[in-house]
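Hydrogens, waters and symmetry mates are skipped; everything else that's a heavy atom, side chains included, is used.
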Amino acid sequence: MSRADTSQAATQRPGLSRAQMAWRAAQDILDGAYVNLGIGIPEMVAAFVPEGREVVYHTENGVLGFGPPPEAGAELRELINAGKKPISLKPGASFFHHADSFAMIRGGHIDVCILGAMQVAQNGDLANWSTGAEGAVPAVGGAMDLVAGAKAVRVITDHLTSKGEPKLFERCSFPLTGRGVVERVYTNLAVIDIGEDGFVLRERAPGISVDQLRELTAAPLIVAEDCTTIVVPAL
Amino acid sequence: MSRADTSQAATQRPGLSRAQMAWRAAQDILDGAYVNLGIGIPEMVAAFVPEGREVVYHTENGVLGFGPPPEAGAELRELINAGKKPISLKPGASFFHHADSFAMIRGGHIDVCILGAMQVAQNGDLANWSTGAEGAVPAVGGAMDLVAGAKAVRVITDHLTSKGEPKLFERCSFPLTGRGVVERVYTNLAVIDIGEDGFVLRERAPGISVDQLRELTAAPLIVAEDCTTIVVPAL
Amino acid sequence: MIDKSCASVEEAVAAISDGDTVMIGGFGEAGSPIELIHALIDQGARDLVVINNNTGNGRVGLAALIAAGRVRRMICSFPRGTTDTLFPELYRAGKIELELVPQGTLAERIRAGGAGIPAFYTATAAGTTLAEGKETRDFDGRCYVMERGLTADYALVKAEKADRFGNAVYNKAARNFGPIMCMAARTAIIQVGEIVADGAIDPEHVITPGIFVQHVVAVDEPALESELIAQGASYP
Amino acid sequence: MIDKSCASVEEAVAAISDGDTVMIGGFGEAGSPIELIHALIDQGARDLVVINNNTGNGRVGLAALIAAGRVRRMICSFPRGTTDTLFPELYRAGKIELELVPQGTLAERIRAGGAGIPAFYTATAAGTTLAEGKETRDFDGRCYVMERGLTADYALVKAEKADRFGNAVYNKAARNFGPIMCMAARTAIIQVGEIVADGAIDPEHVITPGIFVQHVVAVDEPALESELIAQGASYP
């Protein structure tokens, strides 16, 4: 989705803008991490990693150590990410073939993977590849590999669908991408961990109450003792 | 074994010298073949491939396209074959890691592998890694991979052991390297194929009779209709 | 003398037969062997099983091969282009079969096929609908799915340069599926920008050793999928 | 800033613990990380499980580690040197365990471990004593043996050059087990002749991407096993 779409949509939503969600997720990425960012809002995370932290980005199609899109006109057709968009290279980059690239994923070498979601369940189940609708042509890409292989799988998603339906459930109704794989969810309204006993509310967006979150979440919400308000810059 | 050993031993054996055995095996290597040669007499084969045939040699430790040992003083410690002896590089050489090297073997990309043998059975079973003696420390190296993976597995061996015992049997008594893997055996006395029904005598060494071969082979010998005498240069 | 070079893409693909399985390299337009695919369209083989990560874009390259009705079955991870409705329409109409494979499993199955591994286990897709009908097995308390190695009759791959032995190097992310498809196909055909002299590729830098390559064909100025699509091109 | 370099081999191996599994690269003396092995001898960890193709030569490097009684168990394909009787004597005396693995199966098990593959099938060793006690299974009419992936706590590897990210290149046949051992170990430690500046290694030429490497240590003038042995050296 383009940035234009993002900001337009953001004005219609309560809580954090999409850029603020990405910013919040970026704060949890540690110095030296190997990170794979999914298409869409997750891609925006890279722009908000705090100064002083050096992060190495992996893309499934076989590049490690890539940077932001090059300036217009400097794009190279052979230098793209898994979303098929142009990227640049940072110092320490490398190229490798597809089997080696997924060996990095499946072998547990990627520290953090951040993806979008259609549904997340309180046990960490993730559905983000198919609604399972009759007649839909299924397409999965690397999502199942990423959630099965990355050391930490985190999700960025709006708390509700565009129709106002919940996306956080006791159980996913859509076909799963992986079982028990998600460790943390960043929404426009909250930061929620998957704990032993289900969703644990860690942070609320400014102005959002626990009661509102309970109403908008289709599963029990355990409020962490140290639950705080998300502090985000204007973005 | 050094060449000095070879020629010394050769003078005490009937039929072909070791170099002649290698020469004979070399005639069956086609232009453009990818070939893996075992330690010992098989290594000598490369020297006798007919002019005009270009052969690419593979060594398990990760080199394709190597050539004969370099001149004394020009050896590089990082440029060795699976026998840990110095090699040179030919045009079109490449280096790769051990898993890729054995992917070439296991994946059926090596056209011909030539190995030594302790025992060969009439069904193509090969024993060349262990006598199975009590207390022996087993060591297998890449032999089992080569015989399982190469498109054609051929054996060069003396027809008899140094004690005068047969090496070609109805069944191997030593632990197997692989089952039903050998397609052709070059001995100092004969060229023998493994056919549907057992050993097929294709060629006899000069002065060696079928009756002699039957006596020295511990399995039935089918004499091919077109069985000929091996014609080898003096070597 | 070993010389795997072919005079033309036509010659390179001439022996591909009806019913063959053909791996086609490329991820997006990076590494897409368009000229080889177009030669395959001209050549006429049909009823093909094609293995590629996607199903092409526009009406050129793989999408054109599919549009020409030559593909009986696609094995891929993502059978959709950004805007493309070709594959979905054919699929819904029952005119093409689909085996959907997670991308990393697809890559590993190809690598396994090339390495003589008939089957392996992966945690990818365990507990999902894509594991339905597949054997699963626990190792050390985790559930894994058994997946089979994939081999092919042919691979069509685009590389940057190769020598007469077929030793090849790639260009950046255009490497993607090329090296493993060359391993997994009985006959790997690579189109390269340039066939270089002996010794021009450092043995340390070879990505696909020539043992995995059967034919090399020079395509000096390969077409770019995105440019063809921008031009509204349609093949043939 | 990412900087995986260590000041010394001592620092690099400091955290290796009793009972750890340690993969050690090298085939013959090519790629043998002698300085790292000697640092491990000095460091004192014992009861180690060591994975290497062989069991070392002379009384230096891996052979010295074994002679020092630090290795509980060897996983290798060929536990003999040309003239060496060290391992056979310890083995016959029941002082060291041996898991004998065909060389290609060993390499593939290490690669599988690094790639998150818990098990795979190979035709290698099917029908031999080395398949005894292992599961076998037919695929398409051929018998295959199930083999498990191998992982390790540490890998000790010698490469030619690396940068601060751990991106490494090797020297000729010294590459051998290095790349796959780096993949399969939780902590891969590589000794290199030179730690080079950012950008000094072309991204196209990287053999081991830094993601597989945790520590890099410069050993400017590494000892050569054959020279040490010729000198009659014995470590410590």
Portion of [X] that has a non-hydrogen atom of chain C nearer than 4.5 angstrom:
X	result
N81(A)	backbone
F102(A)	side chain
L76(A)	side chain
I105(A)	neither
T177(A)	backbone
R77(A)	both

If you count heavy-atom pairs under 4.5 Å between each of [options] and chain A, which one has the most?
options	answer
R111(C), Q103(C), R142(C), R175(C)	Q103(C)
A107(C), A131(C), S77(C)	S77(C)
T105(C), T128(C), T122(C)	T128(C)

Under a 4.5 Å cutoff for heavy-atom pairs, which residue among [options] has the most contacts with chain C?
options	value
A148(A), G180(A), A93(A)	A148(A)
A99(A), S130(A), A103(A)	A99(A)
A143(A), P138(A), S101(A)	P138(A)

Heavy-atom proximity to chain A below 4.5 Å, by part of [X]:
X	value
F27(C)	both
Y170(C)	neither
R109(C)	neither
I207(C)	neither

- Aromatic plane relationship, F177(C) with H98(A) - under 30° parallel, 30 to 60° tilted, over 60° perpendicular: parallel
Heavy atoms only: give me the nearest [X]-[Y] pair and the separation to one decimal.
X	Y	result
N176(C)	A30(C)	ND2-O, 3.0 Å
T136(C)	C143(C)	CB-SG, 3.8 Å
R73(C)	E99(C)	NH2-OE1, 2.6 Å

- Evaluate whether atom NZ of K161(C) has more than 12 neighbouring non-hydrogen atoms of other residues, nucleotides or ligands under 6.0 angstrom away. no
- Task: Look at atom CZ of R171(A) and say whether more than 12 heavy atoms of other residues, nucleotides or ligands are closer to it than 6.0 Å.
- Result: no
- Query: To the nearest 0.5 Å, how far apart are CD1 in I51(C) and OG1 in T151(C)?
  - Reply: 7.5 Å
- Message: My understanding is that only one of L37(A), V45(A), V185(A) makes a side chain to side chain contact (heavy atoms under 4.5 Å, CB included) with I156(A); could you say which?
- Response: V45(A)
- Message: Could you check whether H58(A) and N36(A), counting side-chain N and O atoms only, form a donor-acceptor pair closer than 3.5 Å?
- Response: yes
- Report the C-alpha separation of V206(C) and V169(C) in whole Å, then their side-chain angles, then the decisive distance to 0.1 Å, and conclude whether the side chain to side chain contact (heavy atoms under 4.5 Å, CB included) test is met. CA-CA 6 Å; V206(C) 170; V169(C) 296; 5.5 Å; no
